[in-house]
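Worksheet: one structure, shown below.
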Amino acid sequence: MMRPTLPGWTVECVGDDIAWMRIDSSGVLRAINPESGFFGVAPGTSKWTNPYCMNSIRKNTIFTNVASTSENGKTGIFWEGLEDEVDIENENIRIASWDGKRWDTTSDFVAAHKNSRFCTPASQLEIIDPAWEDPEGVPISAILFGGRRPTTVPLVYEALDWNHGVFVGASMRSMATAASIEGTMTTRPVHDPFAMKPFFGYSFGNYLRHWLGMQDRPGVKLPKIFHVNWFRTEKRRAPHAEEMKEVFLWPGFGENSRVLEWIFK
């Protein structure tokens, strides 16, 4: 749901989570979105980080484990990231955390669960691709693997060939998120092959063999493979501040279109 910063660029969305891919009769790798909506993590989602998403969840949306607000008989929702939309300093607004506790800015616990979610129809997204429900799918020009790596891994690099690209995907490591059990157990990168570790439904050896074997199909035209890392950090001291703070090196969001431009070229 990117809003690109590059002049003249537009982005359309087919899906935000799952892609089912197949090679068509012309040898082109194509993908469909098997879902009818978006199931996103609420905390951190805002008008600034994802304005298209915020517009799409205004109606027909289910929220789970977010905080709730009440003011003069009117109810609403809140999570960390919505401070510009909800006046949390207003004494007339009562906020209950995801587990029912009274919450305010002095609380030592979060208002919304770290893995709280919203579920909304994809048809409500203003930049949804017209072909998002086409059973033939859309052609895949590039595959981007990526994880949360605060050190070592560069912003973007291209795999040497298909075998190397499969190796890049199979050897991925990432900081665990609240969506995985490791997110509550470790602060170190964990192995996450193809960013699919929680979703492997059969032998990983067979899964890997399938990826490697795709290049052997007659007439196949496989896309290039890349690895991206939006999450590299460094310690910086803000002006007049005494302590160093971890900050992201790359601004991300709409600026990611600059990485896509490099990949396309």
Side-chain angles (χ1 to χ4, degrees), residues 1-2 13-23 29-45 49-50 53 64-65 110 112-119 122 137 140 142-215 222-233 246 248 250 252 256 259 263:
M1 301 182 192
M2 183 189 303
C13 179
V14 176
D16 76 329
D17 189 24
I18 299 173
W20 284 357
M21 298 188 293
R22 66 178 180 86
I23 298 172
L29 185 65
R30 306 182 73 88
I32 65 165
N33 171 16
E35 299 180 302
S36 62
F38 302 120
F39 185 53
V41 176
T45 303
T49 62
N50 200 336
C53 178
T64 58
N65 294 332
V110 295
H113 190 281
K114 291 181 179 180
N115 197 34
S116 55
R117 299 277 180 153
F118 54 80
C119 184
I140 301 299
I143 294 175
L144 279 63
F145 292 123
R148 294 173 176 262
R149 297 297 300 272
T151 63
T152 310
V153 179
L155 176 65
V156 58
Y157 64 88
E158 180 182 348
L160 300 176
D161 53 30
W162 185 257
N163 281 342
H164 181 225
V166 175
F167 172 80
V168 168
S171 59
M172 280 178 52
R173 290 169 63 85
S174 179
M175 302 299 292
T177 68
S180 65
I181 189 171
E182 289 95 340
T184 62
M185 299 172 62
T186 182
T187 57
R188 298 174 61 87
V190 297
H191 287 291
D192 189 9
F194 298 93
M196 280 283 293
K197 184 177 179 181
F199 308 106
F200 284 123
Y202 62 98
S203 166
F204 176 64
N206 292 338
Y207 186 89
L208 191 60
R209 188 177 298 110
H210 174 73
W211 271 81
L212 291 170
M214 290 172 66
Q215 63 188 323
L222 292 174
K224 292 183 176 181
I225 297 177
F226 300 81
H227 188 283
V228 296
N229 178 29
W230 317 126
F231 300 96
R232 190 162 179 173
T233 63
E246 290 280 349
F248 290 115
W250 181 249
N256 293 344
V259 174
I263 288 173

Within the 4.5 Å heavy-atom criterion, are M172 and K197 side-chain neighbours or not?
no
For R22, enumerate each residue passing the salt bridge (Lys or Arg N to Asp or Glu O under 4.0 Å) test, keeping only those at least two apart in sequence or located in another chain.
E136
Is there a donor-acceptor contact under 3.5 Å from the side chain of S116 to the main chain of A42?
no
Please check: side-chain N/O of N33 versus main-chain N/O of V14, any donor-acceptor pairing under 3.5 Å?
yes
Please identify each residue that fulfils salt bridge (Lys or Arg N to Asp or Glu O under 4.0 Å) with R149, with sequence neighbours left out.
none
Excluding sequence neighbours, so at least two apart, what forms side-chain contact (heavy atoms from CB on, under 4.5 Å) with S174?
R148
Are any of the side-chain heavy atoms of D192 and P198 separated by less than 4.5 Å?
yes
If you take all heavy atoms of K114 and V41, which pair is closest and at what distance?
O-CG1, 3.7 Å
With distance as the sole test, does R117 use its side chain to make a donor-acceptor pair with the main-chain N or O of F39 at under 3.5 Å?
yes
Nearest heavy-atom pair of F118 and C53: which atoms, and what distance?
CZ-SG, 3.3 Å
Scanning both residues in full, the closest heavy-atom pair of M175 with P150 reads CG-CD, 3.6 Å
Only counting residues at least two apart or in another chain, list the ones meeting side chain to side chain donor-acceptor pair (under 3.5 Å) with E35.
none
Partner set under side chain to side chain donor-acceptor pair (under 3.5 Å) for D17, not counting sequence neighbours
none
Residue pair L155, V259: steps toward the side chain to side chain contact (heavy atoms under 4.5 Å, CB included) verdict
CA-CA 8 Å; L155 176 65; V259 174; 3.8 Å; yes
Taking side chain to side chain donor-acceptor pair (under 3.5 Å) as the definition, give me every residue that meets it alongside R173, ordered by chain and number, with sequence neighbours left out.
H191
Sequence neighbours left out, what passes side-chain contact (heavy atoms from CB on, under 4.5 Å) with P223? Give chain and number order.
L29, I140, I143, W162
Which pair of heavy atoms, one from A170 and one from P193, lies closest together, and at what distance?
O-CB, 3.6 Å
Please identify each residue that fulfils ring pair (Phe, Tyr, Trp, His ring centres under 6.0 Å) with F145, with sequence neighbours left out.
F194, W211
Residues which pass salt bridge (Lys or Arg N to Asp or Glu O under 4.0 Å) with E158, listed by chain and number, not counting sequence neighbours:
K224
Which residues pass the side-chain contact (heavy atoms from CB on, under 4.5 Å) test with P34, sequence neighbours left out?
I18, W20
Can you sort out the partners of W250 under side chain to side chain donor-acceptor pair (under 3.5 Å), two or more places apart, ordered by chain and number?
N256
On a heavy-atom basis, the closest approach of M21 and A31 is CG-CB, 3.6 Å
How long is the straight-line distance from CZ of F167 back to CG of L212, given to the nearest 0.5 Å?
11.5 Å
Go through the structure and list residues passing ring pair (Phe, Tyr, Trp, His ring centres under 6.0 Å) with F200, not counting sequence neighbours.
F204, Y207
Which value, rounded to the nearest 0.5 Å, describes the distance between D16 atom CG and M1 atom CE?
5.0 Å
The reported gap from CG in N229 to OG1 in T151 (rounded to nearest 0.5 angstrom) is 9.0 Å
